[in-house]
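Contents: one structure, followed by commentary.
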Amino acid sequence: MTTHQPPQQRRYFALLPAAGVGARMAANGPKQYLTVGGKPMLRHAVDAFRASPLVAHTYVVVSPDDGVIDSVLPADLEGVTVLRCGGATRMDSVLNGLRELAGAVAGHDLIMVHDAARPGLTPALIGKLIDGVGDDPAGGLLALPVVDTMKRSAPGADGISVSAATVPRNGLWSAQTPQMFSYALLLRALGSAPDANAITDDASAIEMLGYAPRLIEGHPRNLKVTLPADIRIAEMYLASNEDEGRLI
Ligand SMILES: Nc1ccn([C@@H]2O[C@H](COP(=O)(O)OP(=O)(O)OP(=O)(O)O)[C@@H](O)[C@H]2O)c(=O)n1
Ligand SMILES: C[C@](O)(CO)[C@H](O)COP(=O)(O)O
């Protein structure tokens, strides 16, 4: 007699690595706490996940000695938990956060890892990723097809960089976040990654296991705020509510 197991109910969780120092921003503190669009940068992505009916809970990974987070995410903020387990690299922070979730999430639950430095995320983009990945065991990520011509640099005379080659851009995508994978697969991939410094995004660790995550078209508003000039761009998008379905 066959026993029909009910389909495993997948839940969706957000995990935001927010333990960086923002060296390239060169601000007087970690960039995730800079005021962007009227509130601390980190709060925009947290609020996008909290506004999504698809997301069960949001976890934010900060440095153990973070002295700001309590003023940005009050302890009674519904649907959010702060994990003080940030590490030396982004990958370490994500892996430490995943290990803290053992027992709180099931192996088949989906984890959306999202940079706290991407304030332009919206519930619509979260839903687009979830719909686009479906039940593909390889997971997926938001990304944008590259539109500029890509150059491979080489050191030139007097220390300037020169173009050594043009990298064919067809098939090249610029990875965004969230990057979404089952808890079990992501924990295994990051836990077996050879070198935390070689892993700049979660999907690369998944690819090392032989999986091909789906590329779901994101939006320019979902840029990573890395350099000072990025703040104005982010604020322009945060001030508008254009339809993310169209890349305008
Ligand atoms: N040890 C680290 C490094 C980065 N991050 C987080 O990973 C995301 C993407 O990293 P990035 O944009 O590089 O942020 P920083 O590392 O702070 O920036 P920089 O490289 O300029 O120092 C950010 O939300 C950052 O807070 C993290 O949680 N732990
Ligand atoms: C994860 C990421 O945002 C995908 O593009 C990117 O790799 C993060 O790089 P960073 O140097 O940690 O900002």
Side-chain angles (χ1 to χ4, degrees), residues 14-34 36 40-49 58-69 72-73 80-101 111-121 125 129 139-146 148 150 172-181 186 189-190 193 195-208 213-231 233-234:
L15 180 69
L16 279 69
V21 298
R24 289 169 285 181
M25 182 61 72
N28 59 0
K31 65 182 178 183
Q32 55 269 31
Y33 298 125
L34 291 177
V36 172
M41 190 188 319
L42 160 71
R43 191 64 199 257
H44 288 279
V46 168
D47 288 347
F49 283 114
T58 297
Y59 295 93
V60 181
V61 178
V62 300
S63 298
D65 59 357
D66 186 301
V68 182
I69 192 66
V72 174
L73 299 178
V80 182
T81 300
V82 173
L83 305 173
R84 292 180 171 276
C85 59
T89 68
R90 181 187 183 279
M91 196 201 93
D92 291 331
S93 294
V94 174
L95 183 54
N96 292 348
L98 290 174
R99 287 170 171 159
E100 292 278 311
L101 298 187
I111 308 294
M112 287 178 276
V113 184
H114 182 69
D115 298 327
R118 292 182 186 267
L121 185 68
L125 285 169
L129 176 64
L141 61 146
L142 292 181
L144 284 179
V146 166
D148 297 318
M150 294 285 111
L172 284 186
W173 291 59
S174 178
Q176 297 186 332
T177 64
Q179 304 196 1
M180 183 174 76
F181 309 100
L186 185 55
L190 295 183
D195 172 9
N197 289 301
I199 299 291
T200 58
D201 78 337
D202 314 286
S204 52
I206 299 291
E207 293 152 16
M208 287 179 184
R214 290 188 179 197
L215 294 168
I216 308 301
E217 193 154 346
H219 194 282
R221 65 171 293 129
N222 191 31
L223 78 156
K224 183 161 65 74
V225 178
T226 307
L227 303 169
D230 298 327
I231 293 177
I233 299 170

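Numbering of ligands and ligand atoms starts at 1, following listing order.
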Ligand-side contact atoms (ligand 2) for residue partner [X], heavy atom cut-off under 4.0 Å:
X      : answer
Arg90  : 1 (C), 12 (O)
Lys224 : 3 (O), 8 (C), 9 (O), 10 (P), 13 (O)
Arg118 : 2 (C), 3 (O), 4 (C), 5 (O)

Problem set entry | Sub-4.0 Å heavy-atom approach of Thr89 to ligand 1 |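 Yes, that is the case, since the closest heavy atom of the residue is under 4.0 Å from the ligand.
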
Return the residue, atom name and 0.1 Å-rounded distance of the protein heavy atom closest to [atom].
atom                    : answer
atom 29 (N) of ligand 1 : Ser93 OG, 2.8 Å
atom 28 (O) of ligand 1 : Ala19 N, 2.9 Å
atom 17 (O) of ligand 1 : Gly22 N, 2.7 Å
atom 5 (N) of ligand 1  : Gly20 N, 3.6 Å
atom 12 (O) of ligand 1 : Lys31 NZ, 2.8 Å
atom 2 (C) of ligand 2  : Asp115 OD2, 3.7 Å
atom 13 (O) of ligand 1 : Arg24 NH2, 2.7 Å
atom 1 (N) of ligand 1  : Gly87 O, 2.9 Å
atom 10 (O) of ligand 1 : Arg90 CD, 4.5 Å
atom 4 (C) of ligand 2  : Ala175 O, 3.4 Å

Sub-3.5 Å N/O-N/O distance, [X] and ligand 2:
X      : result
Arg24  : yes
Thr200 : yes
Gln179 : no

Against heavy atoms of [X], which atoms of ligand 1 measure under 4.0 Å?
X      : value
Ala23  : 19 (P), 21 (O), 22 (O)
Lys224 : 12 (O)
Val21  : 17 (O), 22 (O)

Distance in Å, [X] [atom1] paired with [Y] [atom2], rounded so as to fall on 0.5 Å steps:
X      : Y      : atom1 : atom2 : result
Met112 : Phe49  : CE    : CZ    : 5.5 Å
Leu129 : Met180 : CG    : CE    : 4.5 Å
Leu172 : Leu144 : CG    : CG    : 13.0 Å
Met208 : Leu190 : CE    : CG    : 10.0 Å
Asn96  : Leu83  : CG    : CG    : 10.0 Å
Leu142 : Ser174 : CG    : OG    : 11.5 Å

Exercise. If you count the non-hydrogen atoms of other residues, nucleotides and ligands that lie under 6.0 Å from CG in Asp195, is the total more than 12?
Worked result: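 More than 12 heavy atoms, drawn from other residues, nucleotides or ligands, come within 6.0 Å of this atom.
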
Mark yes or no for whether [X], through its side chain, and [Y], through its backbone, hold a donor-acceptor pair below 3.5 Å.
X      : Y      : value
His114 : Leu121 : no
Thr58  : Val46  : no
Asp92  : Gly86  : no
Arg84  : Asp66  : yes
Gln179 : Asp202 : yes
Gln176 : His219 : yes

Exercise. Which one holds for Pro17 and ligand 1: side chain close, backbone close, both close, or neither close, with close meaning a heavy atom under 4.0 Å?
Worked result: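 The answer is both, backbone and side chain.
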
For this session: Specify side chain, backbone, both or neither for Ala88, according to which of its non-hydrogen atoms lie closer than 4.0 Å to ligand 1.
Result: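 Looking at Ala88 and ligand 1, just backbone atoms fall under 4.0 Å.
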
Exercise. With a 4.0 Å cut-off on heavy atoms, is His114 touching ligand 2?
Worked result: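 The answer is no: ligand 2 sits nowhere under 4.0 Å from a heavy atom of His114.
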
Is there a nitrogen or oxygen of [X] sitting under 3.5 Å from a nitrogen or oxygen of ligand 1?
X      : answer
Thr226 : no
Asp115 : no
Ala116 : yes
Val225 : no

Exercise. Given the rule in the salt bridge (Lys or Arg N to Asp or Glu O under 4.0 Å) test, do Arg90 and Asp201 qualify, once you have shown the distances and angles that lead to the verdict?
Worked result: CA-CA 8 Å; Arg90 181 187 183 279; Asp201 78 337; over 6 Å; no

For this session: Evaluate the side-chain proximity of Val68 to Gln32: yes if any heavy-atom separation is below 4.5 Å, no if none is.
Result: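 A side-chain contact under 4.5 Å is absent here.
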
For this session: Apply the side chain to side chain contact (heavy atoms under 4.5 Å, CB included) test between Arg24 and each candidate in Val225, Asp230, Leu227; give the one that qualifies.
Result: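 It is Leu227, the one option of Val225, Asp230, Leu227 that forms the side chain to side chain contact (heavy atoms under 4.5 Å, CB included) with Arg24.
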
